[in-house]
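Beneath this line is the structure, given in structure tokens, with notes to follow.
Chain naming here is simple, since letters A, B, ... match the order of the sequence lines and numbering starts at 1 in each. Atom set for the values below is all heavy atoms of this structure, side chains included, hydrogens, waters and symmetry mates excluded.
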Amino acid sequence: MFAISRHFIKLNQLSISFSHHHYHSQSQHKTILPNLNFSLYEQKLQQREVLETKLISLLNGCNNINQIKQLHSHLIRKGLDQCSFVLAKLIRILTKLNVSIDSYPRLIFNQVRYPNAFLYTSVIRGYSLLGPFDEAILIYSRMRWDGIRPVSFTFSALFKACAAKLDVELGRQIHAQTFFIGGYESDLFVGNTLIDMYVKCGFLDCGRCVFDEMPERDVISWTSLIVAYAKNGDMNVAGELFEGLPEKDMVAWTAMITGYVQNAKPKEALKMFEMMRDAGVRTDEVALVGGISACAQLVAEKHAQWILDVADKEGLSPVKNVVVGSAFIDMYSKCGRVEEAYRVFESMKEKNVYSYSSMIVGFAMHGKADEAMKLFYEMVETETKPNRVTFIGVLTACSHAGMVQQGRRLFASMQKDYGVVPEADHYACMVDLLGRAGHLEEALELAETMPLEPHGGVWGALLGACRLHGNPDIAEIAAKHLFELEPNSIGNYILLSNIYALAGRMEDVSRIRKLVRGKGLKKNPGCSWVEAKDGNIHEFYAGEMTHPKSNEIKKELEKLLDTLKREGYKPNLSSIVYDISDGEKECLLKTHSEKLALSFGLLTTTAGSPIKIVKNLRVCEDCHLVMCGASRITKREIVLRDNMRFHHFRDGVCSCGDFW
DNA sequence: TTAGGGTTAG
């Protein structure tokens with residue numbers, strides 16, 4: 001009750017003070033209203049409106065804070081320093097320029113005695129976008145206290161703040177208020193931001209409820225929900241929603257494309273991209289990035305060429321557009337063509353932290369540590385500041401090349417020289433670097449003493465290093481943490497059992513196997529794929545001979561292995577931990593998917609052209625050995641991407657230096 | 001004033 005009566009008092013004050021301030025003369029004549037010159041009043045009002053409109057259009061043209069400050073002092077001179085409408089616009093522009101609301105904008109706001117709903121909302125919105133988010137809520141409380149009725153944008157801004165804070169409880173409270181103060185719950189904007197708030201906080205069902213109950217929906221409501229389902233891994237529901245969407249715009253299409261990409265369904269993503277083009281929808285840089293990422297996942301360069309053509313047609317070639325360019329760098333790197341990636345990088349007119357980082361990560365993946373470091377120092381010379389990903393790139397580069405000292409120095413300088421605070425991921429890189437280089441004790445110590453809680457990546461790096469150097473004792477420590485953090489990740493169990501097998505501890509091997517069986521975990525089948533001459537992708541699963549050409553593939557492989565054996569190749573049986581005879585182990589090795597893919601590649605691609613294979617798991621020792629030999633005998637370059645990195649086999653040698 | 005995005009380690 002108190003709030004309501006106060007509301008009316010304030011509203012009265014507001015109207016009086018408003019005219020009082022700006023139209024001093026009129027308000028003085030308030031008691032003798034019959035004598036008031038209405039035409040003069042209207043004229044003044046009109047003048048003011050013209051001035052306001054002019055100021056707002058001037059504000060729209062502002063793109064730096066100094067211009068705004070100039071306009072602000074002009075505003076004060078004109079007696080408009082209390083004009084909420086213009087000031088609201090001013091604060092909106094400042095927000096757009098990322099000017100911290102706590103500084104200059106807050107000062108402006110504080111000087112206004114009776115801010116209206118728009119001014120309040122612009123400040124709330126500023127805080128909601130730039131933080132501190134709590135301040136948005138405080139200003140809203142003050143607004144309510146002052147009896148100012150929110151507008152729908154006020155709620156949009158507030159829900160944005162709740163989403164940023166991931167505070168669904170607060171969001172719910174404010175949601176309830178939309179019912180009580182004016183029926184905002186049926187407003188389209190409010191509904192859309194509500195959906196977004198709920199799904200960002202992880203309450204997809206609540207978002208769905210809002211959606212279902214909205215009296216009116218637009219393409220934005222649908223897209224919000226499609227994205228939410230996609231992020232939740234539920235592409236079926238996302239697809240159903242998309243089907244039901246009456247008018248699909250570019251953003252909705254893009255949401256589907258990137259949804260498929262994020263859920264590792266690149267084929268579906270490319271199909272969507274094609275359908276979008278067929279539907280005659282425009283393609284912007286975000287949509288293109290979706291298509292390019294899909295190609296990167298598939299290692300489908302023929303498709304990438306098509307996307308490049310689309311980009312050119314839209315005037316968004318990698319040379320002109322930094323976003324598209326960075327995506328192409330990443331794609332070419334992941335397709336094994338790091339030189340092509342660098343060609344794109346060099347051709348780009350504008351470069352930013354994404355372009356540099358993508359290129360550095362690309363070099364790192366391909367074992368080109370020197371190039372990665374060189375580019376990093378080049379980057380430092382420019383205005384572009386390295387970020388957390390850049391450091392993951394350079395640290396990985398050092399790690400793959402065994403550059404321990406260099407890596408240590410970089411790690412130490414991250415925060416000191418570049419202001420990038422090391423996160424668990426960076427510690428994982430350091431553990432990897434030390435562990436790979438054989439400093440297992442030191443790596444363990446780092447994992448145990450790091451100031452942050454180590455995550456799976458840290459212990460996983462240590463476990464991987466233990467496999468490389470055959471250290472079951474430290475492996476056990478790492479595995480213990482991993483089994484707690486990632487109890488259902490089968491790879492960790494396999495890795496540990498491999499380490500036991502290498503050390504001849506067969507009892508431990510069977511213990512782990514029993515553990516895995518007890519948990520009902522299934523081994524991921526090894527899978528490799530290779531792009532044939534016509535651009536079609538052929539998949540091979542370990543132990544599966546279902547390909548139409550499987551007889552020829554088998555024959556070609558036998559031929560290759562015989563030649564290798566005559567030259568001294570001995571199958572490396574160590575990666576098979578089953579308790580079976582050596583003969584059986586050798587047979588099993590022959591069915592590894594990357595060998596099948598290699599054989600298919602030898603059969604079907606043109607002599608002299610490189611064979612490119614992608615594998616979902618880490619390549620095994622024996623396959624690595626065979627790839628080396630095959631590259632020498634057949635005089636073919638073999639590029640193999642496993643789940644870790646690239647291997648370039650040329651003339652019997654691998655770029656990883658047998659160190660992976 | 002609300003929806004889609006590029007670089008990430010074992």
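- For the side chain to side chain donor-acceptor pair (under 3.5 Å) test, no residue two or more places apart in sequence or in another chain qualifies with A:Q415.
- Residues meeting the salt bridge (Lys or Arg N to Asp or Glu O under 4.0 Å) test with A:K615, sequence neighbours left out: A:E594.
- One finds a side-chain N or O of A:K160 lying less than 4.0 angstrom from the OP1 or OP2 phosphate oxygen of B:dA3.
- A salt bridge is absent between A:R277 and A:E274: the closest approach of a Lys/Arg side-chain nitrogen to an acidic carboxylate oxygen does not fall below 4.0 angstrom.
- Contact annotation: side chain of A:D284 to base of B:dG4, donor-acceptor pair present below 3.5 Å.
- In terms of polar N and O atoms assigned as donor or acceptor, the side chain of A:Q262 never comes within less than 3.5 Å of the base of B:dG5 in a complementary pairing.
- Remark: A:D425 pairs with A:R388, A:H455 by the side chain to side chain donor-acceptor pair (under 3.5 Å) rule, at least two apart or across chains.
- Taken residue by residue, residues 423-434 of chain A places heavy atoms nearer than 4.0 Å to DNA chain B at A:D425, A:D432.
- A search for side chain to side chain donor-acceptor pair (under 3.5 Å) contacts involving A:N192 returns A:D218, A:S221, not counting sequence neighbours.
- The base of B:dT7 is paired with the side chain of A:S357 by a donor and an acceptor separated by under 3.5 Å.
- Residues forming a side-chain contact (heavy atoms from CB on, under 4.5 Å) with A:L495 (at least two apart in sequence, or on another chain): A:L463, A:R467.
- At a threshold of 4.0 angstrom between heavy atoms, the contacts of A:K334 are confined to the sugar-phosphate backbone, with no base atom among them.
- Side-chain to base pairing of A:T223 with B:dA3: one donor and one acceptor N or O lie within less than 3.5 Å of each other.
- Taking only side-chain nitrogens and oxygens, A:R467 never comes nearer than 4.0 Å to OP1 or OP2 of B:dG10.
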